[in-house]
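All values reported here derive from a predicted model rather than from experimental measurement.
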Amino acid sequence: MNGLTLVIVVIVLFLVAYTTYGSWLAKKFGVDPSRKTPAHTMNDGVDYVPAKAPVLLGHHFSSIAGAGPIVGPIGAAIFGWIPVLLWIIIGSIFFGGVHDMGSMFVSVRHKGQSIGEVIGTTMGKKGKQLFSIFAWLTLILVIAAFANIVANTFVSVPEAASSSMLFIVLAILFGYAVYRKGVSLGLGTVIGVALLIGAIVLGTAFPLALSKNTWMVILLGYIFVASVTPVWILLQPRDYLNSFLLYAMLIGGVVGVVIMRPTLQLSGVTAFNVNGSYLFPMLFVTVACGAISGFHSLVGSGTTSKQLDNEKDIKVIGYGSMLIEGVLATLAIITAAYVSGGKLTELLGNGGPVNVFSDGLGSFMTSFGLSFTIGKSFTALAISAFAMTTLDTATRLARFIFQEMFTKENQTKETVFTNRYGSTAITVILAGSLSFYGWGTVWPLFGSANQLLAALSLLALAVWLKKNNKTNKFVVIPMIFMFSVTLVALAILITQSLSQPILLLFSIILFILAIILILEASKSLKTEKISDIR
């Protein structure tokens with residue numbers, strides 16, 4: 001099979017889906033461009049800040065993409081490229097896109113509050129508390145898994161490490177210039193992208209080689225700072241500028257595939273049972289962010305909804321971003337299928353899936369004159385930059401949720417749990433301790449928890465639609481499938497984690513919380529509808 005054919009088919013299907021199904025979803029949800037968003041009605045200059053659509057698209061896409069759509073599909077390649085690709089296509093269009101767009105929409109209609117707060121409105125206080133605990137624990141796993149991925153990448157590609165550090169400084173300068181000195185977005189973007197290229201050149205010339213544990217400590221310190229600072233000074237501008245890296249990488253990868261037309265070496269389908277790992281359910285929790293991700297609902301309802309300038313942007317930012325991520329996931333499985341064999345095993349053992357992806361894309365980019373070394377280093381740099389974006393966004397979201405859990409009604413005085421510094425410190429310390437297990441150990445649990453979080457977010461969306469007299473079948477069907485996948489996967493992981501107490505405890509807690517939330521939702525649907533806030 002030729003990689004070019006797959007890329008063309010996927011892009012065409014996604015364009016058709018965006019134009020048709022995305023527009024249909026906007027009507028079903030009741031998107032209203034004339035309605036003021038929380039970014040305007042609750043503007044506080046810290047978390048609630050209106051952002052133009054291109055800027056917010058950059059932030060949202062950077063936050064949800066990270067290394068997930070690369071690590072997941074490559075990890076699932078053991079089952080063959082056909083089942084992985086089919087799930088990426090079907091999942092992105094009918095599962096992930098619906099999940100992301102819906103989560104963002106209901107959050108906007110609830111003053112930019114998290115999905116946990118929406119559950120509190122539709123399913124009661126108990127449902128909200130249980131979901132908040134589940135979401136916070138899942139974010140702990142997100143931070144632990146991605147901290148490992150970034151640290152491993154920085155060790156294997158030191159050039160990416162130094163460039164990433166320069167990006168942080170550049171983002172602060174960009175944010176200050178645009179948001180405090182009145183520099184236009186267009187001019188700022190031109191200068192910012194030019195400096196971004198300069199940072200890449202400097203990073204390549206002066207690689208920063210440190211040990212993995214040293215990088216882990218540095219990254220944990222960075223995400224603490226990033227979580228407590230205003231979004232305009234670091235989070236928003238860094239994500240926006242980094243989005244150009246990912247766009248360039250995507251374009252370079254697609255152009256490389258078009259010119260090179262790589263032949264896929266990996267078998268289309270291998271076996272249902274591969275070394276004790278079953279295609280159902282492990283394929284669906286391993287691909288994770290490449291098709292649907294509960295983390296996306298936390299981003300959409302945590303930071304993005306607070307910055308949405310107009311409801312009409314929900315389609316392109318919510319649904320569109322998921323489809324773009326599907327293209328990235330498609331490139332990931334093509335690289336794994338192209339590399340294949342003994343080299344695939346070697347690359348996985350030295351740097352993991354990001355190394356496989358960087359090697360494959362580096363090879364594709366040689367087709368239009370770029371050297372393999374530059375192509376591979378640039379790809380590794382782009383992925384590490386986005387994995388860092390996922391890290392700081394996940395930490396901020398965990399801080400929001402942790403504060404919400406301990407904030408009482410009419411509370412005026414802060415405690416260590418409601419203070420942004422205390423809540424962030426607790427989150428970072430717990431995630432940091434778990435991160436030293438290594439990404440290979442944490443990823444399966446993260447994937448299961450993340451996909452179960454997606455099922456719970458779909459459950460919350462289904463209840464909200466039902467109680468507002470809106471059709472919800474397009475949400476219920478993917479919700480049922482995701483529950484069946486993730487609960488079976490967690491049950492398997494519980495039996496496999498008997499020798500690892502912390503992972504076993506996490507698995508059991510997440511499984512129990514999910515069951516209780518399902519029961520709470522069934523009770524909630526029997527009560528009267530909530531007030532219509534369309």
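Remark: side-chain polar atoms of Thr418 are paired, donor with acceptor, to backbone N or O of Thr415 under 3.5 angstrom. Panel note: side chain Ser448, backbone Thr486; no donor-acceptor pair is recorded below 3.5 Å. With Asn468 contributing its side chain and Trp464 its backbone, the two residues share a donor-acceptor pair below 3.5 Å. Looking only at distances, a side-chain donor or acceptor of Arg399 sits under 3.5 Å from a matching main-chain atom of Ser227. Arg238 places no side-chain N or O within 3.5 Å of a backbone atom of Phe167 that could act as its donor or acceptor partner. A donor-acceptor pair is defined here as one N or O able to donate and one able to accept, closer than 3.5 Å; such a pair exists between the side chain of Thr37 and the backbone of Leu308. Counting only distance, with no hydrogens or angles, the side chain of Ser107 and the backbone of Met104 share no donor-acceptor pair below 3.5 Å. Remark: side-chain polar atoms of Asn148 are paired, donor with acceptor, to backbone N or O of Ser435 under 3.5 angstrom. For the pair Lys111 (side chain) and Pro38 (backbone), a donor-acceptor distance under 3.5 Å is absent. At distances below 3.5 Å, at least one donor-acceptor pair connects side-chain atoms of Asn43 with backbone N or O atoms of Gly45.
Between the side chains of Asn450 and Ser293, at least one donor-acceptor pair of N or O atoms lies under 3.5 Å. Side chains of Thr304 and His60: a donor on one and an acceptor on the other come within 3.5 Å. In the model, Glu404 has no side-chain atom that pairs as donor or acceptor with a side-chain atom of Ser132 under 3.5 Å.
For Tyr176, the OH atom sits in a loose shell: 12 or fewer heavy atoms of surrounding residues, nucleotides or ligands are nearer than 6.0 Å.
Ring geometry for Phe224 versus Tyr421: interplanar angle of 30 to 60°, hence tilted.
Separation of the Phe295 and Phe446 ring centroids does not fall under the 6.0 Å cut-off.
A salt bridge between Arg420 and Glu414 is absent, with no side-chain N of the basic residue lying under 4.0 Å from a carboxylate O of the acidic one.
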